[in-house]
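As a basis for the values below, the full set of heavy atoms in this structure was taken, side chains included, without hydrogen atoms, waters or symmetry mates. Along the sequence shown, residues are numbered consecutively beginning with 1.
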Amino acid sequence: MTTLDKPAGVATDPGRAAGADRAVRRDLGVVNALSHGFLLFWGALTVLPLLWMFLSSFKSNAEILADPWGLPGALRFDNWARAWTTAHIGRYFLNSAIVVTGSVALTMLMGATAAYVFARYEFRGRQLAYYLFVGGLMFPVFLALVPLFFVVRNAGLFGTWTGLVLVYAAYSLPFTVFFLTAFFRTLPTSVAEAALVDGCGHFRLFFRVMLPMARPGMISVAIFNFLSHWNQFLLPQVLLQGDDSKWMLAQGLAALSVSQGYAGDYAQLFAGLTIAVLPVLLVYVAFQRQVQTGLTAGQLK
C-alpha cells in the first residue's frame, strides 16, 4: 500500500495551524465580550429606570427629594391607594382594559381572517389587496390625525370607546395581516385538504382546524397588539376629549404628572406610573415563551 504524496504548496506545519486556531478563538472571544457587554449595558438602561420608579413608589415625598437614589425607609402602600382612588388611576385602568380587550379581539378576528384568505386562496386582485393592507405600515399615526379626527366626528363616534376601538383595530391590521399571512403559509396544506375531503366547509376549516394550528402566531401578534394599544397616547388624546371619566390610562397619567408637578405629591405619581407599567411587564413575562415560539415558527421558509 502506497502513501499519496501531498500536493505542493499545502502547509503541513502543526504549529502554524495551531496558531491560526488560537487567533480565530481570540477574535471570537473579543466579539463575544463586546456583544455581551453591549447587552448588559442595554439591559441596565432598561431595567434601572423601572427599578428606580418601582422603589420610588414606596417612598415618601421627603425621601424622594432628599435621597432620590436611596432605598425606601418603609413600604408605603398608601401611595398606591391614593393613586388608585384619589388620582382615579383605577378608573382609567378599567377603561383601558375594556377598550384594549375589545380592540385586540377585533384586530385578531379581522386580521386572522384576512391573512388566511391571502395565504390560502387564489383570486383576482389578491396581491393588490395584500399590498394595500401592508402599505399601511408605511404611514405613521400622526400623519392621519387631522382626517381621522373629522372621519370619527362625522361618524358620530367622537369621544366614544367604540370609535377608539375601531381606530385601534384599523391601525393594527397592517402588521397583523402581514405577520399572520406569512404564518398561515407555513402551515401544512395536507391537513386542510384532508379536512375538505372529509366534508369540512371553508368556514369550519378556518375556525376548527387552521386557527388552532396558528395558535403560536396568534398569541405573538396578540401580545404585540396589546402592548401597542395599552401604551397608546396620541390617539386617545385626539379622539377621546372632554369627559375625563372615559379617559384611557395614558391620558390619566399625563394629567396626573401635570397636576402633581405643582402639588408636589411625587410618591403618588410614581405609584400611578408603576400601576400602569405592571400589566405590560406581567403579560410579557407570562407569555415570553409563546412569543419566541410564535416568532420562530412563523418565520418565512
Side-chain angles (χ1 to χ4, degrees), residues 46-107 158-165 167-168 172 222-288:
T46 305
V47 173
L48 290 180
L50 295 176
L51 181 61
W52 177 70
M53 177 188 66
F54 179 74
L55 293 177
S56 298
S57 67
F58 294 106
K59 294 181 179 180
S60 64
N61 292 314
E63 288 178 333
I64 293 176
L65 295 176
D67 188 12
W69 305 111
L71 296 175
L75 298 180
R76 298 176 177 85
F77 288 100
D78 59 307
N79 297 336
W80 292 48
R82 290 202 319 275
W84 188 265
T85 56
T86 306
H88 308 296
I89 294 299
R91 182 174 63 193
Y92 302 144
F93 188 97
L94 180 61
N95 295 346
S96 294
I98 294 173
V99 171
V100 170
T101 300
S103 62
V104 170
L106 182 62
T107 301
F158 183 77
T160 64
W161 290 348
T162 303
L164 200 59
V165 167
V167 172
Y168 278 3
S172 300
I223 292 174
F224 285 127
N225 287 331
F226 168 80
L227 298 179
S228 174
H229 296 180
W230 187 266
N231 295 325
Q232 184 61 244
F233 171 73
L234 193 58
L235 288 175
Q237 191 71 8
V238 173
L239 303 178
L240 206 62
Q241 303 176 11
D243 187 7
D244 59 354
S245 64
K246 297 181 179 179
W247 280 4
M248 297 294 100
L249 187 56
Q251 292 175 279
L253 287 174
L256 178 63
S257 64
V258 173
S259 62
Q260 295 310 311
Y262 293 102
D265 194 352
Y266 300 108
Q268 179 177 281
L269 175 60
F270 282 117
L273 292 173
T274 304
I275 293 173
V277 171
L278 276 180
V280 177
L281 295 178
L282 292 177
V283 167
Y284 181 77
V285 171
F287 295 99
Q288 60 175 334

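Side chain of Ser228 to backbone of Phe224: no donor-acceptor contact under 3.5 angstrom is found. In terms of modelled atom types and a separation under 3.5 Å, the side chain of Trp84 and the main chain of Ala271 share no donor-acceptor contact. Judged purely by atom type and a 3.5 angstrom limit, Gln268 has no side-chain atom pairing as donor or acceptor with the backbone of Thr86. In this structure a side-chain-to-backbone donor-acceptor pair under 3.5 Å is present from Lys59 to Pro68. No side-chain donor-acceptor contact under 3.5 Å links Gln232 to the backbone of Tyr168.
Once rounded to the nearest 0.5 Å, the distance linking CG of Leu256 with CG of Leu273 reads 7.5 Å. Annotation: the span from Ile64 atom CD1 to Phe58 atom CZ amounts to 12.0 Å, rounded to 0.5 Å. Remark: Thr274 OG1 to Leu269 CG distance equals 9.0 Å, nearest 0.5 Å. Here the CZ atom belonging to Arg91 is positioned 5.5 Å from the CG atom belonging to Asp244, to the nearest 0.5 angstrom. A distance of 8.5 Å separates CZ of Phe226 from CG of Asn231, quoted to the nearest 0.5 Å. Taking CD1 of Ile89 as the reference point, atom CG of Leu94 lies at 12.5 Å (rounded to 0.5 Å).
Between Trp247 and Pro236, every side-chain heavy-atom pair lies at or beyond the 4.5 Å cut-off.
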Where do Ser57 and Trp80 land on the side-chain hydrogen bond (donor to acceptor under 3.5 Å, both in side chains) test, with the steps shown first? CA-CA 7 Å; Ser57 67; Trp80 292 48; 3.3 Å; yes
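Ring geometry for Trp69 versus Trp52: interplanar angle of 30 to 60°, hence tilted.
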Under 3.5 Å, sequence neighbours excluded: what are the donor-acceptor pairs made by side chains of residues 97-106?
residue: Thr101; atom: OG1; partner: Ala97; partner atom: O; Å: 2.6
residue: Ser103; atom: OG; partner: Val99; partner atom: O; Å: 3.1
residue: Ser103; atom: OG; partner: Val100; partner atom: O; Å: 3.0
residue: Ser103; atom: OG; partner: His229; partner atom: ND1; Å: 2.8

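Between Ala267 and Asn61, the shortest heavy-atom contact is N-OD1, 3.0 Å. A pairwise comparison of heavy atoms in Gln251 and Leu240 identifies NE2-O, 3.3 Å as the closest pair.
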